[in-house]
Each structure stands twice: as structure tokens, then as C-alpha cells.
> 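What follows is a single structure, and I will ask about it in a moment.
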Number of protein chains: 2
Amino acid sequence: MNKISTREKIIKTADQLFYENGFDHTSFADVAAKVGISRGNFYHHFKSKDDILKAVIERRRKNTLDMIDEWEQNVGTPKGRIKCYINIFIKNQSLIKDFGCPVGTLTNEMAKLNHAQAKDAVAIFMLFKDWLVVQFERAGCNNNAAELSMHVLSWSQGAATLYNAFQDDEFLKNELVQINAWLDTQIKEG
Amino acid sequence: MNKISTREKIIKTADQLFYENGFDHTSFADVAAKVGISRGNFYHHFKSKDDILKAVIERRRKNTLDMIDEWEQNVGTPKGRIKCYINIFIKNQSLIKDFGCPVGTLTNEMAKLNHAQAKDAVAIFMLFKDWLVVQFERAGCNNNAAELSMHVLSWSQGAATLYNAFQDDEFLKNELVQINAWLDTQIKEG
DNA sequence: GTCTATAACTGGATAGAC
DNA sequence: GTCTATCCAGTTATAGAC
């Protein structure tokens, strides 16, 4: 019986609430109510709110690494793997429509709060970036792999922000078509 | 003597603090302290925090319209005016580095807070979008003016988000060069 | 010993009366 | 402009249940 521990439940719930309502705006009471435990009980599992944030970021980091790993194992070409990244925005479409990109919105909130863990949040972005660079290099784009990677990140981030603002399904669909088309001009084979 | 009224001072200060620290995280006391008035005095000018937000969004709306108006009057070609929009990101570079784009970050915060004024915040985005469509149409891009406009917004938004996260001056500089170069391929004259 | 619930403390928030 | 009421956040202390 692989029962999910209370600690894991707290992290998972906090992850969701931080994403949907913002870190600052999410209270212990909110998380506790959703998990179904008392507020005071929290401190048996976490020393402070920042401690939960740390665990949430670590969880997201791990999930990102697992996802990247899965692409590496199951998708044969660098271009195909980059398209997997782009497809996240389709897979998570309804969440992005309501709350934006979890990575970009957290890094910005950390920046505005001048939070000590801002850099840890940015590290998730960095995971994607470094991985994308490797893909572009494998695809033969050795001169400008970094620029191309940042462009993919930048474009998809902007699409997420505008989709969240305008709520226009056609727009997102079209943007992703455009990104894929652009990718085809950058990488011929695959 | 065109003395700035207390009300105007409150709005201006709230505008800045909402941008730099986030709307939710900014308290009455923060604004009051920065303006130099007592908290009680606040209620003479604003009934509630949402009331200030309303005034702040209206201020931003007006500032945006004024800026667009100025471009219309002083810049001769549609392409030149679109480049004025792109140049905002250079002009406000250091602020964007620290806090992101004021429009995109506010709309996202409103979305996460499920705030009643979310649509008013999005309206600022809409001002830029509608105006960009007119510019692209004037430049002869009648078939895809809407798509091109959204692409400019999307790309610049993404660049702002990543610049805020990575703090990489070279990246922002390069992205803006790329956007301008792309614009030159879309609009020949001007 | 591990987990949980209850209660209480402290500070800061909105709100409003005077 | 001061002063107070009320509420809710994060946190801590304590004591009980498994």
C-alpha cells in the first residue's frame, strides 16, 4: 500500500494553490483546509511558509526533469523533442488560460516580492533553457543554439501571457502553429 | 501653481507600488506611508482598495492613450510607430528587469486573484493591440494585421518575462534587434 | 515517537467612528 | 488626524491520539 504521506499531500496542494492563486495570496488556512488537516499541524511537517515554497519548487524541478527524461527516452529526434516542449502548452491549455504559465508567473511573483528563493524559481526556467540548447546543438545549430532556445522560451512565454489575458483559443492555436512552422525553418531534418 | 492634489499623489504612488510589489502585497499603510498621510485620511479619497485599483488602471489607460497619441503626431510611418512600441522596452529596461512588464504582470495577478477588475486590466493590452492592428493595416498588411499585432505583443511580453527572470542584458538587446529585423521583413517601406 | 488538534500569541491588514 | 474595532495572517505551545 503506497499511501501518500501527509507531507506529500501538503506539497502537492500548496503547489496547486501557489499556481492558481499566487504564493503570497495563499494562506496556511487555505492549504490546510484543502488537505484536511489543522493549521497548527503544519509545523510538524514544515518549519515555515518559505519551507513549503522550497519543497514546492523542488517538486516542480523534479517533475520537469522527469518530463525531459521521458522525452529523451521516447522521442527520436531533437526537433521532435523540442516540439514536445511546445506541446506542453496544448496539454496544459485550460490551466494556462486561467492562471498563465506556472514557471513564468512564479519567477515574476518572486521578483516582485524580492524573495530569497527567486533564484530557485528561475532555475526551472534554466532547466528548460539548457536542455533546449542541447537539442538545437544536436540538430546542428551550433552557432546560435542559445539564441534559438531563448527564442522558443520567449515566444511561448508571451503566448501564455496573452492567452491568459485575452482568453482567445484561436490565438493560442495559431501561435503554436507558427512556432512549429518557425522550428521547421530552423531545423530541416527530423 | 499647478499643485498636485493628494488624490493624484495617492494614485501615482499606488500605481508604482502595485507594479513593483504586486497589488495584493501592497497595503494601504504602504501607500499612506509613501505619500506621507495618515491611514484614516485615505478614506476621504478612496472607499476601498479596489477603488484605488480602479483609479490606477484608469491612470495607466490614460497614460497609454497619451503615449499612442504622441506617436501618432510625431512619427511619420506606421513602421516607425510600431518601433516606438518596441522601444518602450528599452526606455523602461531597468524597471522591466526588476519587475517585468506592468501590463502583463497585472493582468496575470488579476487572473490569479480572480479579481472583478481583471477585464479592465486586460483593456490596456487591448489598447495596444487595436492600435497595432491599425498600424499594420496602414502599412498594407490587410490580410494578417491581427496576427502580426498579436505576434509583436506576444514576443515582447515573452522577452520581458525572460529578461526579468534571467537578468541578461545581452538577451534583451538581442531580442529587440530580432523583433525589429522581423518587422522589416513584414513591412518594406518606411 | 510520530502525528494531530486546539488554543493562543503577535503583527499587520482593512475598516470606520470620533 | 487619531484612535479603535475586527479580522486574518504566520507562528508557537501544549496536550492528546495512535
Side-chain angles (χ1 to χ4, degrees), chain A residues 1-59 105-106 109-110 112-118 120-121, chain B residues 3-58 106 109-110 112-118 120-121:
Chain A
M1 293 300 97
N2 219 334
K3 191 165 145 281
I4 299 172
S5 71
T6 304
R7 187 189 157 86
E8 282 173 294
K9 263 193 276 186
I10 292 174
I11 298 171
K12 197 181 168 197
T13 304
D15 189 351
Q16 187 191 346
L17 291 178
F18 288 175
Y19 174 37
E20 296 184 356
N21 305 330
F23 166 71
D24 195 55
H25 192 250
T26 302
S27 71
F28 275 41
D30 295 333
V31 183
K34 204 153 201 274
V35 174
I37 59 169
S38 70
R39 250 179 314 152
N41 193 6
F42 250 101
Y43 291 83
H44 182 72
H45 302 278
F46 296 97
K47 282 192 290 291
S48 67
K49 195 178 179 185
D50 284 353
D51 221 41
I52 304 181
L53 177 62
K54 194 179 162 191
V56 166
I57 291 177
E58 180 52 32
R59 174 188 150 91
T105 57
L106 182 64
E109 187 178 6
M110 294 289 108
K112 290 196 194 244
L113 296 179
N114 214 352
H115 198 285
Q117 292 183 61
D120 300 315
Chain B
K3 191 165 144 277
I4 300 172
S5 69
T6 303
R7 187 189 158 85
E8 281 174 294
K9 263 193 277 186
I10 292 173
I11 297 171
K12 195 181 169 198
T13 304
D15 189 350
Q16 188 191 344
L17 291 177
F18 288 175
Y19 175 37
E20 296 184 357
N21 304 330
F23 166 72
D24 196 56
H25 191 66
T26 302
S27 71
F28 272 40
D30 293 334
V31 183
K34 203 154 201 276
V35 175
I37 59 170
S38 71
R39 263 168 302 152
N41 196 358
F42 242 100
Y43 292 86
H44 181 70
H45 301 281
F46 295 97
K47 282 190 291 290
S48 67
K49 198 179 174 184
D50 284 354
D51 222 42
I52 304 181
L53 177 63
K54 193 180 164 192
V56 166
I57 291 178
E58 180 51 33
L106 182 64
E109 187 178 5
M110 294 288 108
K112 290 197 192 246
L113 297 179
N114 213 353
H115 198 285
Q117 292 183 59
D120 299 315

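Every value quoted in this text rests on a predicted model; they were computed, and no experiment measured them. Naming: A, B, ... by sequence-line order, numbering from 1 per chain.
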> With nearest nucleotide decided by heavy atoms, which residue, G36(B) or D50(A), maps closer to the 5′ end of DNA chain D?
G36(B)

> Tell me every residue that passes salt bridge (Lys or Arg N to Asp or Glu O under 4.0 Å) with E20(A), counting only those two or more places apart in sequence or in another chain.
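In terms of salt bridge (Lys or Arg N to Asp or Glu O under 4.0 Å), with neighbours along the sequence ignored, E20(A) is linked to no residue.
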
> With a 3.5 Å cut-off and sequence neighbours excluded, list the donor-acceptor pairs that the side chains of residues 35-43 of chain A form with protein atoms.
residue	atom	partner	partner atom	Å
S38(A)	OG	N41(A)	N	3.4

> Tell me, please, which residues at least two apart from S27(A) pass side chain to side chain donor-acceptor pair (under 3.5 Å).
D30(A)

> So, using side chain to side chain donor-acceptor pair (under 3.5 Å) as the criterion, who are the partners of D15(A) when residues are at least two apart?
R59(A), R60(A)

> Tabulate atom names and distances for all N/O pairs under 3.5 angstrom spanning the protein and nucleotides 2-4 of chain C.
residue	atom	partner	partner atom	Å
dC3(C)	OP2	H44(A)	NE2	3.1
dT4(C)	OP1	T6(A)	OG1	3.1
dT4(C)	OP2	H45(A)	NE2	3.0
dT4(C)	O5'	N41(A)	ND2	3.2

> Is any side-chain heavy atom of K112(B) less than 4.5 Å from a side-chain heavy atom of E109(A)?
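The answer is no; the side chains never approach within 4.5 Å.
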
> Between the protein and nucleotides 14-18 of chain C, are there any N/O to N/O pairs under 3.5 Å, and if so, what are the atom names and distances?
residue	atom	partner	partner atom	Å
dT14(C)	OP1	F28(B)	N	3.1
dT14(C)	OP2	F28(B)	N	3.0
dA15(C)	N7	Y43(B)	OH	3.4

> Would you check if H44(B) and T6(B) make a side-chain contact, meaning some heavy-atom pair closer than 4.5 Å?
no

> May I ask you to check if K54(B) and F46(B) form a cation-pi contact, with NZ or CZ under 6.0 angstrom from the six-membered ring centre and within 45° of the axis?
no

> I'd like to know whether H115(B) forms a side chain to side chain donor-acceptor pair (under 3.5 Å) with D50(B), so could you lay out the CA-CA distance, the side-chain angles of the two residues, the decisive distance to 0.1 Å, and finally the verdict.
CA-CA 9 Å; H115(B) 198 285; D50(B) 284 354; 2.9 Å; yes

